[in-house]
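Below: one structure, written as structure tokens.
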Protein chains: 2
Amino acid sequence: MTESEAGAGGRPTLESVAELAGVSRATASRVVNGGAGVRAALREKVERAVAELGYVPNLAARTLVTRRNRAIAVVIAEPEARFFSDPFFAQHLRGISRELAAADNQMVLLLAEDERDHERIGRYLSGGHVDGVLLFSLHRSDPTPETVHRLGLPFVIGGRPGWPGAESARDLVYVDNDNRGGARLAVQHLRSIGRERIATITGPLDQTSSVDRLDGYRDLLPDGDEDLIAVGDFTADGGIRGMSELLSRRPDLDAVFVASDVMASGAIRVLRAAGRRVPEDVAVVGFDDVESIAAWTEPRLTTIRQEIEEMGRLMTRLLLRRLNDPGASAPSSVIIPTHLVVRESA
Amino acid sequence: MTESEAGAGGRPTLESVAELAGVSRATASRVVNGGAGVRAALREKVERAVAELGYVPNLAARTLVTRRNRAIAVVIAEPEARFFSDPFFAQHLRGISRELAAADNQMVLLLAEDERDHERIGRYLSGGHVDGVLLFSLHRSDPTPETVHRLGLPFVIGGRPGWPGAESARDLVYVDNDNRGGARLAVQHLRSIGRERIATITGPLDQTSSVDRLDGYRDLLPDGDEDLIAVGDFTADGGIRGMSELLSRRPDLDAVFVASDVMASGAIRVLRAAGRRVPEDVAVVGFDDVESIAAWTEPRLTTIRQEIEEMGRLMTRLLLRRLNDPGASAPSSVIIPTHLVVRESA
DNA sequence: TCCCGCCCGGAGAGCGCTCTCAGAAACCGG
DNA sequence: CCGGTTTCTGAGAGCGCTCTCCGGGCGGGA
């Protein structure tokens, strides 16, 4: 019933708007696109016709001639399980969505899990269906940045890219949280409460975020004992293993900076099982400030907060700026400050 | 450098493929679209040309004539904070993405936060840019289902819709977890371990999932005491408030079915603070089986598991089926079974 | 060998829009 | 009141593709 009325073949075209308004298609088009250079009287007539018919421009037709899609792709390489267990994912998308909506652009979400997906995504991006790309969570082997670059598609990366030469590449723009600075904040805090044997559990070291956090730790403990460093993987299990390791290697440790809240929850568990009180015997600082974890460990987790949503927004803004002004040189990358949130664990 | 080669105006068209292969545009098109009715010799020539030029069809042009976008919209009404704090969101999207990728369709993600967003989304959907819609987490006032229906766009809803008359609407298709059955499972389990004064903390009762879970609880406790029911809101704080309430009203309770894991983590905290041992004094069963919570409460949470990703996949499959066969009557809605995961809390 | 039917390939229209180009209308000063 | 500008408007081409015809070629039956 309603289907026959609005669905099917019945969508009004510019042609019909023009006819109803008694003007040419060109004039109607001008009005629809801002109305510059059209006398007020005509403009109004067209606007009335648009309203009356419920006209909505056909994007496909428009794209065909303008070569502008008003859509950007968000590519997420999924193996980073972190994206799915933490609320990172949602927060990023929310930030992106908000910024995109403000500019009346759409978001096409592309999740990659395996080789075939990357191929599919490459094909899709080659199709010219989007005007730009937001890339996340790259691991070394990800072919997407290369593809995107080859296609000449503007893009912005989330997180500092880690492949060789990335830093120095001219038009490479990324947005990252200040992982290194955050780690320093954590260690500094532990020191300020009098801790002296500060250990750390890192993330997987093939991710720049992990490396940067470890570097931050080392910045303040340049001649620290390597025994105080355990390599984790951003999972709770990793936290458990890391903490057990540390405890057996350096039973005298009095603090630990854990590179993610999830791992920290595992670490705290191990500490308690080992009879160490937190924070009295061992102080713990996490990283991420994931609400659903940090606020719910026992004791509540002192951690480093990062502005995930802000990161998404910023990436989007940078990308849109590049789109609107393709001539301009690449904007410089941005590092978003992190800060310490003190709760009970340290 | 590479930009001039592949970017800019240089993308090969069907025309150029046809020319290189020495056939007409029509034949090239036939090959690109499956090659039915083209002799093998010609087909091969075209395929070679496609490969050589790196031809990728221009979707905008294709859409313009076929009226098929090979894209579907995923609309998520965001105020359901649950979608962002729990990993639900990501899991759903993953399921959808997988199924969509298999059918070579794209996902356009639309997040709605306020009135203006709904308007924007309505406009976008009217634009005919997507072939179908996946709707999530509807609250009563959400205008989107109405819009989508008016546009004659095929759609599938995630979660049982709650507005009046929804159930009986002809072409309304939804996919939901068996909330009611899951709740029954929970209560049944509590009974089987000998509990007799079983309370519950519900979700917000304007959501069908909450209502259904409460109904399941009541199914097994038809003449239960209303004092044993506290209304929560799916947040940890809600769990705290609910549990405190229950404890003061019925200090003799020996079990509680909490309608979400997040709330359960709050509830357990309250119980422990009140000196009740879990599960010895009070057994707790949650709902959702959110890994990052259920496996990390102390004690680990016994809960009802739902297959979120499967739900996303199923929704997508149903939608695609409708798209491919618009004539067929609406498929019937699907309820995905939930099951009990026994850990330590009950 | 001829004719009919079938299959394959090509010509061309047209999807809905933008944008250039040129002509019409309005406006100014002289 | 007229010519020269300047401002508006309309005609029409064309974006890249699909799909409907239609004609040509080929095979088989008479």
Side-chain angles (χ1 to χ4, degrees), chain A residues 6-47 49-50 53-71 124 126-129 131, chain B residues 6-47 49-50 53-71 104 124 126-131:
Chain A
R11 272 191 43 217
T13 70
L14 235 208
E15 189 81 49
S16 55
V17 170
E19 194 181 0
L20 180 59
V23 300
S24 75
R25 201 171 61 242
T27 299
S29 172
R30 276 187 274 260
V31 173
V32 169
N33 290 290
V38 177
R39 231 170 329 174
L42 277 196
R43 178 165 46 223
E44 260 175 49
K45 272 208 286 189
V46 173
E47 275 160 1
V50 165
L53 294 175
Y55 170 76
V56 182
N58 179 322
L59 258 221
R62 182 179 277 175
T63 294
L64 190 54
V65 25
T66 60
R67 271 104 204 298
R68 180 83 158 80
N69 294 285
R70 301 204 76 83
Y124 179 75
S126 318
H129 312 316
D131 303 323
Chain B
R11 272 186 47 215
T13 70
L14 235 209
E15 189 81 50
S16 54
V17 170
E19 194 181 358
L20 180 60
V23 301
S24 75
R25 201 173 61 240
T27 301
S29 172
R30 277 189 273 259
V31 173
V32 169
N33 291 291
V38 178
R39 233 170 326 177
L42 277 197
R43 178 163 47 219
E44 260 176 48
K45 274 209 284 190
V46 173
E47 276 161 0
V50 165
L53 295 175
Y55 170 75
V56 183
N58 178 322
L59 258 220
R62 183 180 277 174
T63 294
L64 190 55
V65 26
T66 59
R67 271 106 204 302
R68 180 83 158 79
N69 294 283
R70 301 203 76 84
D104 204 29
Y124 179 75
S126 317
H129 313 314
V130 293
D131 303 323

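Just so it is clear, the structure is predicted and the values come from calculations on it, not from any experiment. Protein chains get the first letters and strands the later ones, always in sequence-line order, with residue 1 at the start of each.
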Euclidean distance, atom [atom1] of residue [X] to atom [atom2] of [N] [Å, nearest integer]:
X     : N      : atom1 : atom2 : answer
A/R68 : C/dC17 : CZ    : P     : 18 Å
B/R30 : D/dC21 : CZ    : C1'   : 11 Å
A/E15 : C/dC15 : CD    : P     : 9 Å
B/R25 : D/dT20 : CZ    : P     : 15 Å
B/E19 : D/dC17 : CD    : C1'   : 17 Å
A/L14 : C/dC17 : CG    : P     : 5 Å
B/L64 : D/dC15 : CG    : C1'   : 9 Å

Please tell me which of the listed nucleotides, [options], lies nearest to the side chain of [X]?
X     : options                : result
B/V23 : C/dC17, C/dG10, C/dT20 : C/dG10
A/V38 : D/dT9, D/dA13, C/dC15  : D/dT9
B/A26 : D/dC17, C/dG10, C/dG9  : C/dG10
A/R62 : C/dG10, D/dC15, C/dT18 : C/dT18
B/R67 : D/dT18, C/dC15, D/dG10 : C/dC15
B/V65 : C/dC17, C/dC15, C/dT20 : C/dC15

Think [X] has a side-chain N or O under 4.0 angstrom from the OP1 or OP2 of [N]?
X     : N      : answer
A/S29 : C/dC17 : no
A/T13 : C/dG16 : no
A/S24 : D/dG10 : yes
B/N33 : D/dT18 : yes

| Of B/T66 and A/G22, whose nearest nucleotide on DNA chain D comes first from the 5' end? |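 Closer to the 5' end of DNA chain D: A/G22.
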| query | Just one of A/V46, A/V17, A/V31, A/V38 clears the side-chain contact (heavy atoms from CB on, under 4.5 Å) bar with A/V23, so which one? | reply |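 One option only clears the test, and that one is A/V46.
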In Å and rounded to the nearest 0.5 Å, what is the [atom1] to [atom2] distance from [X] to [Y]?
X     : Y     : atom1 : atom2 : value
B/E15 : B/Y55 : CD    : OH    : 10.5 Å
B/S16 : B/R25 : OG    : CZ    : 11.5 Å
B/R39 : B/K45 : CZ    : NZ    : 10.0 Å

| field | Donor-acceptor pair (no angle test) under 3.5 Å: A/R11 side chain, C/dG16 base | value |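 Check fails, no donor-acceptor contact within cut-off.
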| message | Is there, by distance only and without an angle test, a donor paired with an acceptor across the side chain of A/R39 and the base of D/dT9 below 3.5 Å? | response |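 A donor-acceptor contact between them is absent.
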| message | Within the supplied structure, the quantity of interest is the number of heavy atoms (other residues, nucleotides, ligands) at a distance under 6.0 Å from B/E19 CD; does it exceed 12? | response |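 Open: at most 12 neighbouring heavy atoms sit under 6.0 Å from CD of B/E19.
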| task | Could you check whether A/L42 gets within reach of a base, just the sugar-phosphate, or nothing at all, counting any heavy atom under 4.0 Å? | result |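 If one applies the 4.0 Å heavy-atom cut-off, A/L42 turns out to touch the sugar-phosphate alone, with no base involved.
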| request: Heavy atoms only: give me the nearest B/L59-A/H129 pair and the separation to one decimal. | output: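 Shortest heavy-atom separation between B/L59 and A/H129 comes out as CB-CE1, 3.0 Å.
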